[in-house]
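Let me begin by presenting the structure, written as structure tokens, before commenting on it.
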Amino acid sequence: TGGLVKGTKERVGLREVAREAGVTVGTASKALSLGGAPVAEDTRKRVVEAAARMGYRPNRAARGLSSRRPSTVGLGVAGLRNPFFVEVLEALEVACAARGLETVPEGGPSTEGTFLAHRPPGDWPVHGSISWAFAGRAPTGAEPVVSIGHRVPDARDAVVLDPTAAFDEIAATLDGRVAIVSPWLGREHDWRGEAWIARLPRADRIVIPDETVLHGRAAAAGLRGYDAIVLHNDTLLLGVAAGLPPSESPRLIGFDGIPLLAACARPFVTVATPFAALAEAATDLLLRRWAEPDGPPERVVLTQPVTTGVAP
């Protein structure tokens, strides 16, 4: 398959390009470097010009599937308005490319903030997938699936992020008046809020509508007088940092470790994510699963460190 014929809704395939160039499909495939022996230069030029004229684009995923060696990976990450998931997707693409693998991203929309994906991945033309596991649920996708996340079912290959030590380290330093701010407090799947509440039982619990920068900024007006504010994630931290008046100087605690925190105008502490290590471990797990399809599930645990930032 390929692109659309310019000015029409007709999809251009290799067969149409071959017909336009006056060659066989096999020759067109070779001329466009889709496999096979080299062809005469004038023939190659004629095929390439026909492909460009017709707007033909090769289907890289289908090309990967046609090879005997698995080489095409579906990447399932939803809620891309959250910069955290953009970083996860970018790291996975880099790790796969470094290993000679093609990637086919699939982002299901999230209608409850960025936490839950409500649309399963479609019919991926891939050999396997790496997918974020939301709220401990097994992600859907092309098998074999490597799950990544904080709460992952036991009976599958997974790379698990563990923030336990970071929670303990940060909580031990907090005193005075503390607020925990999140859209998800009290919900069944809010393991993060539960972890903070267990360590900070006297903290005020403040529920806001969503986990975006704008919602954090709007919430800042009601967060005065605190010694520390624990935010659900770094996007909320950025919003609160921007919305607090200069007279307020609480400790700001985030989660995720997104690079955008470099723009924060206040000191902060966050639970960081080893994005590169997460992506590399997940990609290598998938490679091992391709090599040993009947082996037992593997589980890699990565500890999340504490990172601090100082305002410029």
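Residue numbers count from 1 along this sequence. No experiment lies behind these values; they were computed from the predicted model shown. These values consider heavy atoms only, across backbone and side chains, with no hydrogens, waters or symmetry-generated copies.
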Write out all pairs satisfying ring-ring contact (aromatic ring centres under 6.0 Å, His included) with one or both partners inside residues 197-222, taking only residues at least two apart or from two chains. none

Tell me every residue that passes side-chain hydrogen bond (donor to acceptor under 3.5 Å, both in side chains) with T303, counting only those two or more places apart in sequence or in another chain. none

Taking atom CD1 of I208 and atom CG of L231, what is their separation to the nearest 0.5 Å? 7.5 Å

If I compare all heavy atoms of E20 with all of A50, which pair ends up nearest, and what's the gap? CG-CB, 3.7 Å

Which of V230, D204, I229 passes side chain to side chain contact (heavy atoms under 4.5 Å, CB included) with V178? Answer is V230

Test V126 against T72 for side-chain contact (heavy atoms from CB on, under 4.5 Å), laying out the working first. CA-CA 5 Å; V126 297; T72 309; 3.8 Å; yes

Would you call the rings of F275 and F84 parallel, tilted or perpendicular if under 30° counts as parallel and over 60° as perpendicular? tilted

Contact between Y226 and L244 at the side-chain level, heavy atoms closer than 4.5 Å - yes or no? no

Could you give the distance from NE2 (H150) to CG (D162), rounded to the nearest 0.5 Å? 8.5 Å

Heavy-atom pair of closest approach, residues P293 and W290: CD-O, 3.7 Å

Here the pair of heavy atoms bringing P267 nearest to L252 is O-CB, 4.1 Å

Measure the shortest side-chain to side-chain distance between R224 and P245 over non-hydrogen atoms and say whether it is less than 4.5 angstrom. yes

For the pair I197 and L185, evaluate side-chain contact (heavy atoms from CB on, under 4.5 Å) and give the outcome as yes or no after the intermediate values. CA-CA 9 Å; I197 290 170; L185 292 174; 4.2 Å; yes

Any side-chain heavy atom of P250 within less than 4.5 Å of one from V240? no

Determine whether more than 12 heavy atoms belonging to other residues, nucleotides or ligands lie under 6.0 Å from atom CD of E292. no

pair R288-D157: side-chain heavy atoms closer than 4.5 Å: no

Hey, does F255 have a side-chain heavy atom less than 4.5 Å from the side chain of F167? yes

pair R289-V146: side-chain heavy atoms closer than 4.5 Å: no

Using modelled atom types only, decide if a donor and an acceptor are shared between the side chain of T235 and the backbone of E211 within a distance under 3.5 Å. yes

Mind listing the closest non-hydrogen atom pair of A28 and A18 along with its distance? CB-CB, 3.8 Å

For V300 and A281 the tightest heavy-atom approach is CG1-CB, 4.3 Å

Going by an N to O cut-off under 4.0 Å, is there a salt bridge joining E49 and R46? no

Checking side chain to side chain contact (heavy atoms under 4.5 Å, CB included) between I130 and each of L278, T103, L92, V77, which is the one that passes? L92

Close side-chain approach of L238 to L261, heavy-atom, < 4.5 Å: yes

If you apply the rule side-chain contact (heavy atoms from CB on, under 4.5 Å), what do you find for E87 with T273, and how did you get there? CA-CA 10 Å; E87 294 299 326; T273 302; over 6 Å; no

Separation between CD1 of I180 and NE2 of H232, rounded to the nearest 0.5 Å: 12.5 Å

To the nearest 0.5 Å, how far apart are CD1 in I253 and OG1 in T308? 10.5 Å

I'd like to know whether CZ of R15 has more than 12 heavy-atom contacts from other residues, nucleotides or ligands below 6.0 angstrom. no

Donor-acceptor pair, side chain of R199 and main chain of I170, under 3.5 angstrom: no

Could you go step by step and tell me if H127 and L101 meet the side-chain contact (heavy atoms from CB on, under 4.5 Å) rule? CA-CA 10 Å; H127 294 108; L101 304 175; over 6 Å; no

Separation of M54 CE from E16 CD (nearest 0.5 Å): 6.0 Å

Honestly curious: do L286 and V94 fall in one hydrophobic cluster under the side-chain, below-4.5 Å linking rule? no

Side-chain heavy atoms of L174 within contact of L200, under 4.5 Å: yes

Heavy-atom closest pair, residues R156 and S147: CD-OG, 2.8 Å

Output the distance between atom CG (N82) and atom CG (L236), rounded to the nearest 0.5 Å. 9.0 Å

